[in-house]
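Below: one structure, written as structure tokens.
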Amino acid sequence: MTELIVPPAALQPSQPGVTKFLADSVRKLYIGGRWVEAASGKTFPVINPTTEQVIAHVAEADKADVDAAVQAARSAFEGPWGRMRVVERTELLRRLGALIAENADEIAELETINNGSPISIARSFVGSTVGTIDYFAGSARLIHGETPSNDPNYLTYTLREPIGVCAGIVPWNVPFLFAIGKLAPALAAGNTFVLKPAEQTPLTAIRLGELVEEAGFPAGVVNIVTGFGLGAGSSIAEHPDIDKVSFTGSVDVGKRILAASAVNLKRVTLELGGKSPNIIFKDADLSVAVPTAVAGFTMSSGQICVAGTRLFVQREIMDEVTEKLTEFAGSLRIGDPLDSATDLGPLVSQEQLDRVTGYFGVGAADGARVALGGAAVEGTGYFVEPTVFVDVRNDMRIAREEIFGPVVSVIPFTDEDDAVLQGNDTLYGLAASVWTNDLGRAHRVARGIKAGSIWVNNYFTGDTALPFGGYKESGLGRENGLDWYKSFTEDKSVYVTL
Ligand code: NAI
Ligand code: MG
């Protein structure tokens, strides 16, 4: 087994903007175009998971601050934003995209320092948001009402109108990308927005607020409320004057948000967890399948909703795949996420470290065997080893529950039917991958698996034009694609007597 590289003392950020950003004593809320303290005056600390040091203090929004943010968003919606021509508002969005591109390295470093994701990954996620903005700015001129003409006595047409005040509640694993993924279509369609980042990772959301300001959006179009789930988050979910909430995070909280939405029948979309099957048939090209399978469960230390955490391997190639898998996973570099050679950074928090390491005991107690890893890394930072469990059955807890760490369960299957049956035997349905050179089989499995995204001979591929979301308890609705833009609009029918 390859030796683990214990994280060195934390590297310093290379971007002067990051150092400057972190030097500010308390980071405020962005409400109605102004930076304000929380009404309660409370703040909370932000921790760098690599060093376990406090790197910032941030205002803690509660119900009163959410109320103020919603009021600001409502007046902007009824006021200047609602009266703007589509070209003007999409021009503002594109200006925001350009500012993100200009500051991408700085935003990526801030993200890495705050959530521990390797800088190479943070860069690619942050970079992709520029294209997301461009796509939805373009959608605003593509999607419009229609004029069905079925009765000569009437002029009939539809209007596609913004919904009103929309909110996004996002998690800590990919904070900036999720924020833009919700904000861009909402604003493009003419809504105003309230963003609540996760309490663990508020920094790039605050930086986003600064860029929104610099781009010149009217006050109140975008509001940023940093705070906890119970408090800022629950006040959004329960708010009677928020028209839509889009959430990414855990299944439990997703269900709570859906229940709370009943207060005013908010539109709700949920992007929740997964336990995605990655299925390798014996005819697959293992030289690509195996390293990709490793990336599938180790990228961002496995803190990715679409991670391929159930690896189904056809029985005949089980030994070969397990050997190559543990060899490759064991060669990954664990280290400072600011180092571009690092493959695995720390988990985001002590809480996640405890959760993930807790599953090592659970797996062992259920009779699974650790073929690689299975422990936290000694020393500072919330680091955990890439971990491969073998002798796993699909009904064990480690194969059923989302662990959200760099942990894979390797499970044998006999034939195609067995692979689909076991792959679908889960409460989740976010993504799946199938590795085979048999064309018919690839498409049959793609049809057979109940999941929102299916990858054939690849993993993690994504495109803003294609819908993304889950079957079953992996979510409600789809993000991305033109339908995502449409989900931020109301469709109105007008009948005019001629
Ligand atoms: P979480 O679902 O509690 O947090 C996600 C967001 O929801 C945060 O902004 C949080 O402040 C907010 N939130 C929490 N409680 C809320 C409430 N009652 N009302 C409104 N908003 C609320 O996720 P957590 O506890 O940080 O992670 C637990 C597990 O959830 C992870 O181990 C992982 O399995 C899963 N998860 C899945 C994610 C995904 O990408 N689908 C992202 C993060 C976590
Ligand atoms: Mg939680």
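Computed from a prediction, not measured in an experiment: that's the story for all the values here. For this chain, numbers begin at 1 and follow the sequence in order. Both counts, for ligands and for their atoms, begin at 1 and track the order of listing.
In this structure, atom 3 (O) of ligand 1 lies nearest to the protein heavy atom Val253 CG2, 3.5 Å. Of all protein heavy atoms, the one lying nearest to atom 12 (C) of ligand 1 is Ile169 CG2, 3.8 Å. The nearest heavy-atom contact from the protein to atom 38 (C) of ligand 1 is Phe404 CZ, 3.5 Å. For atom 40 (O) of ligand 1, the nearest protein heavy atom (residue, atom name, distance) is Asn173 ND2, 3.1 Å. Of the protein's non-hydrogen atoms, the one nearest atom 7 (O) of ligand 1 is Phe247 CE1, 3.2 Å. Scanning the protein heavy atoms around atom 21 (N) of ligand 1, the nearest turns out to be Gly233 CA, 3.6 Å. The nearest heavy-atom contact from the protein to atom 8 (C) of ligand 1 is Val170 O, 3.6 Å. Scanning the protein heavy atoms around atom 25 (O) of ligand 1, the nearest turns out to be Arg355 NH2, 4.1 Å.
Looking at Gln350 and Asp354, their side chains do bring a donor and an acceptor atom within 3.5 Å of each other. Looking only at atom types and distance, the side chain of Thr380 has no donor-acceptor partner in the side chain of Glu52 under 3.5 Å away. Side-chain N/O atoms of Glu401 and Tyr359 include a donor and acceptor closer than 3.5 Å.
Between Ile403 and ligand 1, not a single N/O pair is under 3.5 Å apart. Residue Glu199 has at least one nitrogen or oxygen atom sitting less than 3.5 Å from a nitrogen or oxygen atom of ligand 1, judged on distance alone.
Counting the atoms of ligand 1 from 1 in the order shown, those under 4.0 Å from a heavy atom of Pro171 are 42 (C), 43 (C). Against a heavy-atom cut-off of under 4.0 Å, Thr248 is close to the following atoms of ligand 1: 40 (O). With ligand atoms numbered from 1 in the order given, ligand 1 contributes 39 (C), 40 (O), 41 (N) to contacts under 4.0 Å with heavy atoms of Cys305. Atoms of ligand 1 lying under 4.0 Å from at least one heavy atom of Leu272, given by number and element, are 41 (N).
The side-chain tip of Lys182 does not point at the ring of Phe193 from less than 6.0 angstrom away and within 45° of straight on. Geometrically, Arg27 engages Phe21 in a cation-pi contact defined by less than 6.0 Å to the ring centre and at most 45° from the axis.
Counting only distance, with no hydrogens or angles, the side chain of Asp366 and the backbone of Ala368 share no donor-acceptor pair below 3.5 Å. With hydrogens and angles ignored, the 3.5 Å screen pairs no side-chain donor or acceptor of Glu106 with any backbone N or O of Asn103.
Closer than 4.0 Å to atom 15 (N) of ligand 1 lies at least one heavy atom of the protein.
At a 4.0 Å heavy-atom cut-off, ligand 1 does not touch Ala237 at all. At a heavy-atom distance under 4.0 Å, only side-chain atoms of Gln352, from C-beta outward, approach ligand 1. Neither the backbone nor the side chain of Asp252 comes within 4.0 Å of ligand 1, counting heavy atoms alone.
Expressed to the nearest 0.5 Å, how far CD of Glu210 lies from CD1 of Ile107 amounts to 10.0 Å.
Nearest to atom 34 (O) of ligand 1 by heavy-atom distance, out of Glu402, Lys275, Arg256, Lys255, is Glu402. In the candidate list Ser250, Gly249, Ala259, Ser250 is nearest to atom 1 (P) of ligand 1, counting heavy atoms.
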